[in-house]
Undergrad: 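Submitted below is the structure of interest, expressed as C-alpha cells.
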Amino acid sequence: MTAIEEMLSKYSLDDEDKFKQAFKETMQEVVLCGLSRGGFFETAAFTGGTALRIIYGIRRFSEDLDFSLLKPDGSFSFEKYLPYVQHELNANGFDIEIGKTSEKSNVKSAFIKADTYKLILNFLSVDPDVFHINKTEKVRVKLEIDTNPPDGANYEESTRLLPSPYIVRSMDLPSMFALKCHAIMCRSYIKGRDYYDYQWFVDNGAFINGKLLKNALFQTEGKEYSDNDIANRLKSVFEAADINEVKKDVRRFLETPEILDNWSNVLFSSTVKDLRLLAGE
C-alpha cells in the first residue's frame, strides 16, 4: 500500500462528495510536506480551519490552506516554494497544475488543481463512472498567506508521518482562537465555520491570546480594545447573528451535522462570560 492509499483508507468513500473531500485533504497534506521540504515553515506558520482539522482532528472539513508569516514581509511570494510542492505531489502520483498566484494585497494566494477522475483511476479500485464523476471535475486546493500579520502570535511544531515524515510549524491554539474571534468580530459576512471553530475552542477549554487579538483588532479598526470591550462586542455579534444562515453555511462541512440542532444565539452568547484572555508579554 502506498502512502497515498494509506491516507485515503481512513475515509468512507461511498459517494462523490466523499471522494472529493478525501482527495482534497490528502492533497493538502502532501502540499504541507512539500512546503516543509522547501523551508517554508522557517518563515511561516500554518493556521485556520485546515490546521485545526489536520493537527487537532476537528470534525469539520475545510477548503483552504491558511498561513501567516512570522514577520511582515510585503515582498513574500509563493513562487519560491511551489516547485517543492509540485515535486512532492508528482512523486506521490498526483498529476497537478498550479494556478496563477495573487500578489496584489497583503494576503497572497496560489492554487493547485488535479483531475478528480484521474485521481480515482490512479489510487482507488473504483469505477468513477459508477458515481457519475464528471471528467472535467477538479480537486482544488487554495493556499493563502497573511504577509502583514499582527504582532503577538505564538507557535509550536508538530511532526506529520504521511506521506513521509515532515515538520510543520503552526500557531498555537490560543493564537488561532484569537484570530477566530477577530474573524467573527470583523468579517463582513456570516461564515458558519467560524462559529463551529469558536465552539470547538470553547469546548476544549482553550485560552485566547489576548495580545494577538487586540493587535489584530487595532490593525483592522485602529481602535484599542479592553477585555470587556472584546466580550461585549462578541456577545453583540452572537446575539445579532442569523443563526439559520450560520447553520446553512456550515452544514455541508460537518461530519456530524446533527450538532446544529442545539445551536442558538443564546448558546453562543452564553459562552462569552467564560472566555479567558491571556495577556501575553
Side-chain angles (χ1 to χ4, degrees), residues 7 21 24-73 76-89 92 98 101-102 106-112 139-183 191 193-194 196-198 200-201 204 206-209 212-213 215-216 253:
M7 294 167 77
Q21 193 60 47
K24 180 185 286 285
E25 292 192 353
T26 301
M27 281 181 62
Q28 287 172 341
E29 295 210 53
V30 180
V31 169
L32 290 174
C33 184
L35 290 171
S36 181
R37 298 274 188 269
F40 176 77
F41 293 110
E42 295 173 12
T43 58
F46 192 22
T47 188
T50 309
L52 293 175
R53 172 76 172 173
I54 289 176
I55 297 174
Y56 294 100
I58 192 171
R59 298 189 67 186
R60 77 153 176 95
F61 302 122
S62 187
E63 292 187 314
D64 303 331
L65 292 171
D66 295 316
F67 306 98
S68 176
L69 288 181
L70 306 185
K71 297 179 180 179
D73 179 6
F76 174 87
S77 173
F78 275 116
E79 296 292 342
K80 174 182 176 181
Y81 304 100
L82 292 178
Y84 295 94
V85 171
Q86 178 147 18
H87 178 270
E88 197 67 34
L89 284 161
N92 282 282
I98 296 178
T101 59
S102 171
N106 288 332
V107 178
K108 308 292 178 68
S109 62
F111 301 87
I112 298 168
V139 176
R140 182 173 176 271
V141 173
K142 182 179 182 182
L143 290 68
E144 286 195 335
I145 187 164
D146 184 357
T147 64
N148 186 33
D151 183 49
N154 295 313
Y155 308 97
E156 56 192 15
E157 292 184 344
S158 56
T159 300
R160 305 293 300 170
L161 299 179
L162 292 172
S164 58
Y166 66 95
I167 294 175
V168 57
R169 185 202 303 268
S170 63
M171 285 190 183
D172 66 3
L173 283 179
S175 298
M176 284 198 273
F177 195 5
L179 293 185
K180 186 58 59 176
C181 290
H182 173 263
K191 187 175 180 180
R193 283 159 282 173
D194 288 340
Y196 181 90
D197 296 350
Y198 171 90
W200 182 87
F201 282 116
N204 283 274
F207 289 83
I208 298 171
N209 181 334
L212 177 60
L213 176 53
N215 285 340
F253 294 96

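For reference, positions follow the sequence shown, starting with 1.
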Undergrad: Starting at CG of Leu143, measure out to CG of Leu35 and round the result to the nearest 0.5 Å.
TA: 6.0 Å
Undergrad: Drop me the distance from Arg193's CZ to Ser62's OG, to the nearest 0.5 angstrom.
TA: 7.0 Å
Undergrad: Kindly give the heavy-atom pair with the smallest separation between Cys181 and Ile208, and that separation in Å.
TA: SG-CD1, 3.8 Å
Undergrad: Could you list the residues that satisfy side-chain contact (heavy atoms from CB on, under 4.5 Å) with Lys142, not counting sequence neighbours?
TA: Asp64, Ser109, Phe111, Glu144
Undergrad: When you look at OH of Tyr84, are more than 12 heavy atoms from neighbouring residues, nucleotides or ligands closer to it than 6.0 Å?
TA: no
Undergrad: Between OG of Ser68 and CG of Leu212, what distance do you get to the nearest 0.5 Å?
TA: 8.5 Å
Undergrad: Should Asn204 and Trp200 count as side-chain neighbours, where that means a heavy-atom distance under 4.5 Å?
TA: yes
Undergrad: Do Val168 and Ile54 touch side chain to side chain, with heavy atoms closer than 4.5 Å?
TA: no
Undergrad: Under the salt bridge (charged side-chain N to carboxylate O under 4.0 Å, His left out) test, which residues partner Lys71, sequence neighbours left out?
TA: none
Undergrad: Let me confirm one number: the OG1-CZ distance from Thr50 to Arg60, rounded to the nearest 0.5 Å.
TA: 7.0 Å
Undergrad: How long is the span from the CE atom in Met27 to the CD1 atom in Ile112, to the nearest 0.5 Å?
TA: 6.0 Å
Undergrad: Please enumerate all residues that pass side-chain hydrogen bond (donor to acceptor under 3.5 Å, both in side chains) together with Arg140, with sequence neighbours excluded.
TA: none
Undergrad: Going through the distances and angles, do Asp197 and Met176 end up as a side-chain contact (heavy atoms from CB on, under 4.5 Å)?
TA: CA-CA 10 Å; Asp197 296 350; Met176 284 198 273; over 6 Å; no
Undergrad: Going by the rule salt bridge (charged side-chain N to carboxylate O under 4.0 Å, His left out), which residues pair with Arg169 if we only count those two or more places apart in sequence or in a different chain?
TA: none
Undergrad: Suppose we screen for ring-ring contact (aromatic ring centres under 6.0 Å, His included). Which residues come up paired with Phe40, at least two apart in sequence or across chains?
TA: Phe67, Tyr81
Undergrad: Could you give the side-chain donor-acceptor pairs of residues 147-159 under 3.5 Å, partners two or more places apart or in another chain?
TA:
unit_1 : atom_1 : unit_2 : atom_2 : d
Thr147 : OG1    : Asn106 : O      : 2.6
Glu156 : OE2    : Tyr56  : OH     : 2.1

Undergrad: Please report the shortest heavy-atom distance between Glu79 and Pro83, naming the atom on each side.
TA: O-CD, 3.2 Å
Undergrad: Please find the pair of heavy atoms, one from Lys108 and one from Phe76, that lie closest to each other, and give the distance.
TA: NZ-O, 3.1 Å
Undergrad: Which distance, rounded to the nearest 0.5 Å, do you find between the OG1 of Thr47 and the CG of Asp146?
TA: 9.5 Å
Undergrad: Under the rule for salt bridge (charged side-chain N to carboxylate O under 4.0 Å, His left out), what residues qualify as partners of Arg59, not counting sequence neighbours?
TA: Glu255
Undergrad: Test of understanding: with side-chain hydrogen bond (donor to acceptor under 3.5 Å, both in side chains), list the residues that count as partners of Ser175, not counting sequence neighbours.
TA: Asp172, Asn209
Undergrad: Please list, chain by chain and in numerical order, all residues satisfying side-chain contact (heavy atoms from CB on, under 4.5 Å) with Gln21, sequence neighbours excluded.
TA: Lys24, Glu25, Phe61
Undergrad: Side chain of Gln28, backbone of Glu63: donor and acceptor closer than 3.5 Å?
TA: yes
Undergrad: Just jot down the salt bridge (charged side-chain N to carboxylate O under 4.0 Å, His left out) partners of Asp194, sequence neighbours excluded, or say none.
TA: Lys180, Arg187
Undergrad: Taking only residues two or more places apart in sequence or in another chain, which ones pass side-chain hydrogen bond (donor to acceptor under 3.5 Å, both in side chains) with Asp73?
TA: Ser75
Undergrad: For a quick test of reading the model, state the closest non-hydrogen atom pair linking Tyr166 to Leu162 and the distance between them.
TA: CE2-O, 3.5 Å
Undergrad: On a heavy-atom basis, which atom in Phe41 and which in Leu32 lie closest, and how many Å separate them?
TA: CE1-O, 3.7 Å
Undergrad: Sequence neighbours left out, what pairs pass side chain to side chain donor-acceptor pair (under 3.5 Å) with at least one residue falling in residues 35-46?
TA: Arg37-Ser164
